[in-house]
Amino acid sequence: MEDFAFRLLELLAGGADSAELARFAVAEPRSAAAVDLALRINATVHGHRRREAELSALVDTAGDLARLRDPDEVLRSIVRRARRLLGVDLSYLTLNDAEAGITYMRVTDGSVSTLFPEVRMKMGVGLGGLVAQTALPYATPDYLSDEHFRHSGPVDEAVRDEGLTALLAVPLAVGETVIGVLYAADRAAREFTPEEIALLSSLADHAAVALDNARLLAEVSAHSQDVERAEQAHDRLMDLVLRGGDLAAVAAAVADVLRGGIGVYTAGGTELAHAGLPTAAPDPRTVTASYHSGRATATEDGWVCAVQAGPELLGSIVLRTGAALTDADRRLFERAAVVTALLQLLRRSVAKAEDEVRGELLTDLLTAPERKPGTLLDRGKRLGVDLTTEHAVLVVHADGVSRRRLAAAAAGFAVLCGIHAEQVVLLARTDAPGALAAQLAAALGAQAGCPVTVAAGGPARGPSGLAAAYREAERCLRALLRLGREGSGASMAEVGFIGLVLADRADHTGFIRQALGPVLDYDRDRGTELIRTLTAYFASGCHVPRTKDLLHIHANTVGQRLDRIGSLLGQDWQSPDRLLEIQLALRLHALRDP
């Protein structure tokens, strides 16, 4: 008996399997009870070894996850371990694509078919569909004949091509959501034990963790990239602001970062700047929605964000893009709207300060030109205005229109524009003050929607000359209004002596200089008698023979003097209008200097 027991222990120690122990029992009939005990011991030892291998595989898998290796490599490792530990012919893993509504093969191990790795099916179909719906494991000894789930022709064909019979499927779940299925399959009929189902379920849990970790890492990486990109874009926008960049530069920077088209618009829908893809003025209702929410509002082809400063709506910024915006991109777009508002406020502040400086210069120039004229010239240079060159002075008048609005509209025509004595006054570079006054009256009248009258004086140079030109423009404006010419524009040259008669505080000296100045200067410089000849010519009814008799000179001399007068006053000096003004100027000159 002792020899028998010793021999049985030797078999166990040598790792004999159940077949060897059974043969020993046949050879020794008296050992049936002992052999049965040895078989139980052998099964327990093999169970512990299998469990040890399973635990080792799970530990290795957990180590793979802890080292954060490539998620695809982790999944392949899990599928290989499942095949080895369960001793099956094939193991594989499928994933669900909820957006596409399909289930597709992700990893296989042991496949010999060309069809099987390419399997794609609708979600809810096949054994995997049943497991995904119930979130419970399912085992079938004969897949093709099992009627507990919906079969699919292409899937069944792939199973036949692979030669599979028995299948075990367990869910891959993240929280309450089944994201895929892990399978173990044999080409022969087989019943899977509860221990095998538990093992495959544990491996499936590890696979789900690997996939979820990969998703989280991708999200973290994408978020980090978005944050870094947003920080770089923010720094770029701030640098633009600090370097004095304009709205066009901001639009170009944002269009480059967001890879789309950017348009900046006023509250009325007028485009201020544009970059990238073409954009259109936004729907006012969309701008209002963004204004009230304080966030960007989605449109059919992009986004719209209100540009506001506190409660004031300054305009809007439009993004046209075919791509979806991440949260970071949307915040960047909203930040661009804030930068746009900042630039507009800065531009408004600068314009206001500049207008005040220009207005102060204009006031000092027109009210006290003789007080430190050199300082006035220097102040003009700092504003880019050379007061030593000739400028026309224009005065703008309109009833029922804001003076500031008129000044803002007229600024584009002037080198200097402001409000002086409740009037909009401009300095402009032109050789034709009357024509510019008419053009300005038409343009401002169209913008204001009411008659705008513009009177011009000059051109003149220097503080004193410009002040005199302003007074001339004032007289011209009064004459235009008394003549009922509201909405027109002219200079004193077009109004003529009628303006002199109708204007308050008539400038007789200025009128005489305008009509006869070159002739008076010629007589003074050369000691000639052109003015006396002109007076005699008109007194004789513009008759040369009578003129020579009055002056006691030869007729040729009269002709030569008249030719000289023509060269000084212009070839049209004998036109009816000019003759009338010249005769009036001669009469005033005679009265002032008999």
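Only a predicted model underlies this, so the values are computations on that prediction, with no experimental measurement involved.
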Taking atom OG of Ser202 and atom CD1 of Ile78, what is their separation to the nearest 0.5 Å? 11.0 Å

Please report the interatomic distance CD(Glu195) to CG(Leu200), rounded to the nearest 0.5 Å. 13.5 Å

Testing Arg81, Arg83, Arg76 for side-chain hydrogen bond (donor to acceptor under 3.5 Å, both in side chains) with Asp109, which one passes? Arg83

Report yes or no: do Asp142 and Ser145 form a side-chain donor-acceptor pair below 3.5 Å? yes

Is any side-chain heavy atom of Val131 closer than 4.5 Å to one of Phe149? no

Compare all side-chain heavy atoms of Ile317 with those of Val304 and state whether any distance is below 4.5 angstrom. no

What one should report as the nearest heavy-atom pair of Pro171 and Ala204 is O-CB, 3.6 Å

Leu426 and Leu440, any side-chain heavy atoms less than 4.5 Å apart: yes

Contact between Leu168 and Ile197 at the side-chain level, heavy atoms closer than 4.5 Å - yes or no? yes

Salt bridge flag under 4.0 Å for residues Arg320 and Glu300: no

Stepwise, does the side-chain contact (heavy atoms from CB on, under 4.5 Å) test hold for Leu272 with Thr266? CA-CA 7 Å; Leu272 296 175; Thr266 66; 3.4 Å; yes

Of the non-hydrogen atoms in Thr279 and Gly263, which two are nearest, and what is the gap between them? OG1-CA, 3.5 Å

Minimum heavy-atom distance Pro282-Val287, with the two atoms named: CG-CG2, 3.6 Å

Would you check if the side chain of Asp283 reaches a backbone N or O of Arg285 as a donor-acceptor pair within less than 3.5 Å? yes

With the side chain counted from C-beta on, respond yes when Thr103 and Lys122 share a heavy-atom pair under 4.5 Å apart, and no when they do not. no

Given the rule in the side-chain contact (heavy atoms from CB on, under 4.5 Å) test, do Leu172 and Val178 qualify, once you have shown the distances and angles that lead to the verdict? CA-CA 6 Å; Leu172 277 70; Val178 175; 5.7 Å; no

Heavy-atom side-chain proximity of Asp146 to Leu144 below 4.5 angstrom: no

Once you round to the nearest 0.5 Å, how far does CZ of Arg106 lie from CG of Leu182? 13.0 Å

So, Tyr291 side chain and Pro311 main chain: donor-acceptor pair closer than 3.5 Å or not? yes

Heavy-atom closest pair, residues Ala306 and Leu313: CB-CD1, 3.9 Å

Does Leu319 form a side-chain contact (heavy atoms from CB on, under 4.5 Å) with Ile262? I'd like the steps, not just the answer. CA-CA 5 Å; Leu319 168 64; Ile262 291 291; 3.7 Å; yes

Side chains of Leu199 and Leu86: closer than 4.5 Å at any heavy-atom pair? yes

Atom CG of Leu95 and atom CE of Met105: how far apart are they, to the nearest 0.5 Å? 10.5 Å

Of all heavy-atom pairs between Thr165 and Arg187, which one has the smallest distance, and what is that distance? OG1-O, 3.2 Å

From OG (Ser113) to CD (Glu118), nearest 0.5 Å: 9.5 Å

Quick one: closest heavy-atom pair of Thr297 and Ala289, and the distance? OG1-C, 4.1 Å

Which value, rounded to the nearest 0.5 Å, describes the distance between Leu277 atom CG and Thr321 atom OG1? 7.5 Å

Heavy-atom side-chain proximity of Leu203 to Val170 below 4.5 angstrom: no

Kindly indicate, with the supporting measurements, whether the criterion side-chain contact (heavy atoms from CB on, under 4.5 Å) is fulfilled by Ser111 and Glu162. CA-CA 7 Å; Ser111 175; Glu162 191 66 62; 2.6 Å; yes

What about Tyr183 and Tyr143, are their ring centers closer than 6.0 Å? no

